[in-house]
Amino acid sequence: MKIKKGDLVKVIAGNSKGVQGKVLTVLVDKNRAIVEGANIVKKHTKPSAANPNGGIIEKEAGINISNLAVIDPKTGETTRVGRKLNADGKLVRYAKKSGEEIK
């Protein structure tokens, strides 16, 4: 999986195309990620202890990983992700456009 929790990504396809946000969670088994501020859906909730009035809430839904592109930390553009060994011999992800390490 090339996208991890905490990455800054851009939605490249779908209704939320163009939206940038941080990855909140990655659902590996479903090949989806939940991105902050993207793919907002309305959910009808019953009254409960946490939400005494119930009603309609808006929340983020999952987006397929193929519709997301990681944003290069150096240039701010979308980029592909590669993996290589750094000077310490540790396998790290890097942006293919700039060569910058993705943290």
Side-chain angles (χ1 to χ4, degrees):
M1 192 72 55
K2 306 222 181 222
I3 293 177
K4 292 186 176 181
K5 180 179 176 179
D7 283 351
L8 188 62
V9 295
K10 183 175 187 177
V11 181
I12 56 173
N15 290 342
S16 297
K17 183 176 179 176
V19 174
Q20 291 185 10
K22 197 162 73 168
V23 176
L24 301 174
T25 54
V26 177
L27 309 168
V28 179
D29 54 331
K30 294 182 180 177
N31 206 32
R32 291 179 162 265
I34 296 175
V35 179
E36 189 176 41
N39 197 18
I40 302 291
V41 295
K42 293 186 182 212
K43 182 169 173 58
H44 298 259
T45 57
K46 281 182 157 181
S48 65
N51 189 5
N53 293 333
I56 301 169
I57 60 167
E58 292 186 346
K59 61 183 279 186
E60 292 96 354
I63 301 175
N64 200 299
I65 295 288
S66 64
N67 296 336
L68 300 175
V70 176
I71 294 179
D72 194 331
K74 193 173 191 180
T75 62
E77 300 174 352
T78 58
T79 182
R80 291 181 298 160
V81 177
R83 296 180 350 153
K84 65 179 178 183
L85 291 171
N86 65 2
D88 303 332
K90 187 177 177 188
L91 194 64
V92 294
R93 297 180 308 144
Y94 73 98
K96 289 205 171 183
K97 276 191 180 173
S98 67
E100 187 82 10
E101 189 176 311
I102 300 171
K103 290 173 174 61

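For the single chain, residues carry numbers from 1 onward in sequence order.
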hydrophobic_cluster_shared for I71 and I63, side chain cutoff 4.5 Å: no
Contacts table for residues 13-32: side-chain donor-acceptor under 3.5 angstrom, sequence neighbours left out:
| residue | atom | partner | partner atom | Å |
| --- | --- | --- | --- | --- |
| S16 | OG | N39 | N | 2.8 |
| R32 | NH1 | G62 | O | 2.9 |

Heavy-atom closest contact (V9 atom, V70 atom, distance): CG1-CA, 4.2 Å
Minimal non-hydrogen separation, A33 against I65, with atom names: CB-CD1, 3.8 Å
side-chain contact (heavy atoms from CB on, under 4.5 Å) evaluation trace for K59 with V41: CA-CA 6 Å; K59 61 183 279 186; V41 295; 4.3 Å; yes
K97 NZ: over 12 foreign heavy atoms closer than 6.0 Å: yes
Spatial distance of atom OG1 (T78) from atom CG (L8) [nearest 0.5 Å]: 11.5 Å
Minimum heavy-atom distance between V11 and A38, given as atom pair plus value: CG2-CB, 4.0 Å
Same apolar cluster: L68 and M1, side chain cutoff 4.5 Å: yes
K46: side-chain contact (heavy atoms from CB on, under 4.5 Å) partners, not counting sequence neighbours: none
I'd like a table of donor-acceptor pairs (distance under 3.5 Å, sequence neighbours excluded) in which one partner is a side-chain atom from residues 87-96, with atom names and distances.
| residue | atom | partner | partner atom | Å |
| --- | --- | --- | --- | --- |
| R93 | NH1 | K2 | O | 2.8 |
| R93 | NH1 | D7 | OD2 | 2.9 |
| R93 | NH2 | D7 | OD1 | 2.9 |
| R93 | NH2 | D7 | OD2 | 3.3 |

T79 side chain vs D72 backbone, donor-acceptor pair below 3.5 Å: no
Nearest non-hydrogen partners of E60 and G37, listed with the distance: OE2-N, 3.1 Å
